[in-house]
Amino acid sequence: MKIASWNVNSLKVRIPHLTQWLADARPDVVALQETKLEDAKFPVDELAAAGYQAVYAGQKTYNGVAILARSDQGLSFADVVTDIPGLDDPQRRILAATIGSVRVVDLYVVNGKAVGDEKYAYKLHWLERVRDFLAEEIRRHPRLVVLGDFNIAPDDRDVHDPVAWGEDILCSPPERAALKALTDMGLHDSFRLFEQAGGHFSWWDYRQGAFRRNNGLRIDLILLGDALKSSARAATIDREPRRWERPSDHTPVMVELDIE
DNA sequence: ATGGTTGGCATCCAA
């Protein structure tokens, strides 16, 4: 089973890229972030034509998450959750579904703008609530995959210039501690099961030729619960779509699991 | 220190 994550930065604009990439990579499950679409405008028909069914939780202009599953695998979505229980939040940033034998939680983590900003406080609070939610999810569903745009670079290997970034947004110790609280629950960064070197990134700013110079961050992650860790066969970052014309600023990440 | 690029939507906010 191949499971992928991609922040598409507007699904409306990126549908040609997404359908091309689905045809190339043929993932079984794909978590999307920043769809920026109301549910009524979700491109159900285009994705069905590409061979994928979808669940989605969107809003106008901002945020928005979706999970796709290959139609020909006989997979269906069960126990869909679009909100953290008890958290009244209009921002569409979380979507969970059971697909086959795997529980999938798609996250579009708050960016936070800058350390000390009110959005930063919201980010840390949101991550606390996500941690509590995931503690319950992993208890109910040991075969748990938590993936998405985490807007946190786990450590300095995941930052092109750690001195310049320092303890700024996406790299600050409280953000990294919030991510570590998730990995400490037995949610393993799949990429680091296979690669220890730095310099592998999933996001590059649109400005200043950042992609060409590989000035990026690795902030798109696929975390695997203990019960799935030994099933992992590969974890990859596909830089190809970032080279295409009018790309998302993020590129897809994928894990291959040795399960049906 | 500042600004640069993109998307959505309306000429500003978010990333």
Side-chain angles (χ1 to χ4, degrees), chain A residues 5-21 30-43 46-47 56-66 89-95 106-127 130 147-154 158-172 174-176 178-179 201-221 237-253:
Chain A
S5 176
W6 194 2
N7 179 324
V8 292
N9 187 18
S10 170
L11 184 53
K12 182 181 174 184
V13 169
R14 225 64 69 193
I15 266 284
H17 282 198
L18 177 61
T19 53
Q20 181 64 57
W21 186 75
V30 186
L32 303 177
Q33 304 86 38
E34 284 205 88
T35 56
K36 300 185 177 180
L37 279 179
E38 294 170 285
D39 289 347
K41 296 185 176 176
F42 196 86
E46 289 95 325
L47 291 169
Y56 36 89
Q59 66 185 94
K60 192 176 177 181
T61 309
Y62 303 117
N63 310 310
V65 283
D89 186 354
Q91 300 194 27
R92 304 291 80 198
R93 297 182 173 277
I94 187 164
L95 181 61
D106 180 11
L107 300 179
Y108 175 45
V109 174
V110 179
N111 174 286
K113 189 167 180 171
V115 174
D117 192 276
E118 64 181 21
K119 294 193 174 88
Y120 181 76
Y122 165 59
K123 178 178 198 171
L124 295 178
H125 177 251
W126 190 87
L127 283 164
V130 165
L147 75 175
D149 176 359
F150 282 73
N151 269 317
I152 302 169
D158 305 306
V159 181
H160 69 92
D161 186 346
V163 173
W165 279 81
E167 298 186 351
D168 286 351
I169 194 71
L170 314 186
C171 299
S172 74
E175 291 169 89
R176 286 178 167 170
L179 178 58
F201 308 128
S202 66
W203 168 84
W204 300 262
D205 198 285
Y206 283 121
R207 294 167 284 192
Q208 296 174 316
F211 179 64
R212 180 177 50 76
R213 297 152 60 188
N214 198 31
N215 287 350
L217 301 179
R218 192 174 68 90
I219 55 178
D220 299 273
L221 310 176
I237 302 174
D238 185 356
R239 295 160 60 96
E240 189 57 29
R242 190 64 175 77
R243 299 190 180 97
W244 296 345
E245 192 178 343
R246 206 179 177 192
S248 169
D249 47 351
H250 298 251
T251 211
V253 299

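All values derive from a computational prediction rather than experimental measurement. Throughout, protein chains are lettered first and strands after them, A, B, ... in sequence-line order, and every chain is numbered starting at 1.
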Could you give the distance separating [M] and [N] at their [atom1] atoms, to the nearest angstrom?
{"N": "dG4(B)", "M": "dC12(B)", "atom1": "P", "value": "16 Å"}
{"N": "dA14(B)", "M": "dA1(B)", "atom1": "P", "value": "25 Å"}
{"N": "dT5(B)", "M": "dT11(B)", "atom1": "P", "value": "22 Å"}

To the nearest Å, how far apart are [X] [atom1] and [N] [atom2]?
{"X": "H250(A)", "N": "dT6(B)", "atom1": "NE2", "atom2": "C1'", "value": "11 Å"}
{"X": "W203(A)", "N": "dT5(B)", "atom1": "CH2", "atom2": "P", "value": "14 Å"}
{"X": "Q33(A)", "N": "dA15(B)", "atom1": "CD", "atom2": "P", "value": "14 Å"}
{"X": "F211(A)", "N": "dG4(B)", "atom1": "CZ", "atom2": "P", "value": "23 Å"}
{"X": "D205(A)", "N": "dG3(B)", "atom1": "CG", "atom2": "C1'", "value": "11 Å"}
{"X": "K36(A)", "N": "dA15(B)", "atom1": "NZ", "atom2": "C1'", "value": "7 Å"}
{"X": "N7(A)", "N": "dA15(B)", "atom1": "CG", "atom2": "P", "value": "11 Å"}
{"X": "N151(A)", "N": "dA15(B)", "atom1": "CG", "atom2": "P", "value": "8 Å"}

Quiz item: Just by distance, do the side chain of D39(A) and the backbone of G58(A) share a donor-acceptor pair under 3.5 Å?
Solution: yes
Quiz item: Is the gap between the ring centers of W21(A) and W244(A) under 6.0 Å?
Solution: no
Self-check item: Distance below 4.0 Å between R246(A) side-chain N/O and dG7(B) OP1 or OP2
Solution: yes
Practice problem: Using a cut-off of strictly less than 4.0 Å, decide whether K119(A) has a side-chain nitrogen or oxygen near OP1 or OP2 of dA14(B). | Solution: yes
Quiz item: Does the side chain of R218(A) come within less than 4.5 Å of V253(A)'s, by heavy atoms?
Solution: no
Quiz item: Relative to each other, are the rings of H160(A) and F201(A) parallel, tilted or perpendicular (30° and 60° limits)?
Solution: perpendicular
Practice problem: Looking only at side-chain atoms of Y62(A), point me to the closest of dT6(B), dC9(B), dA14(B). | Solution: dA14(B)
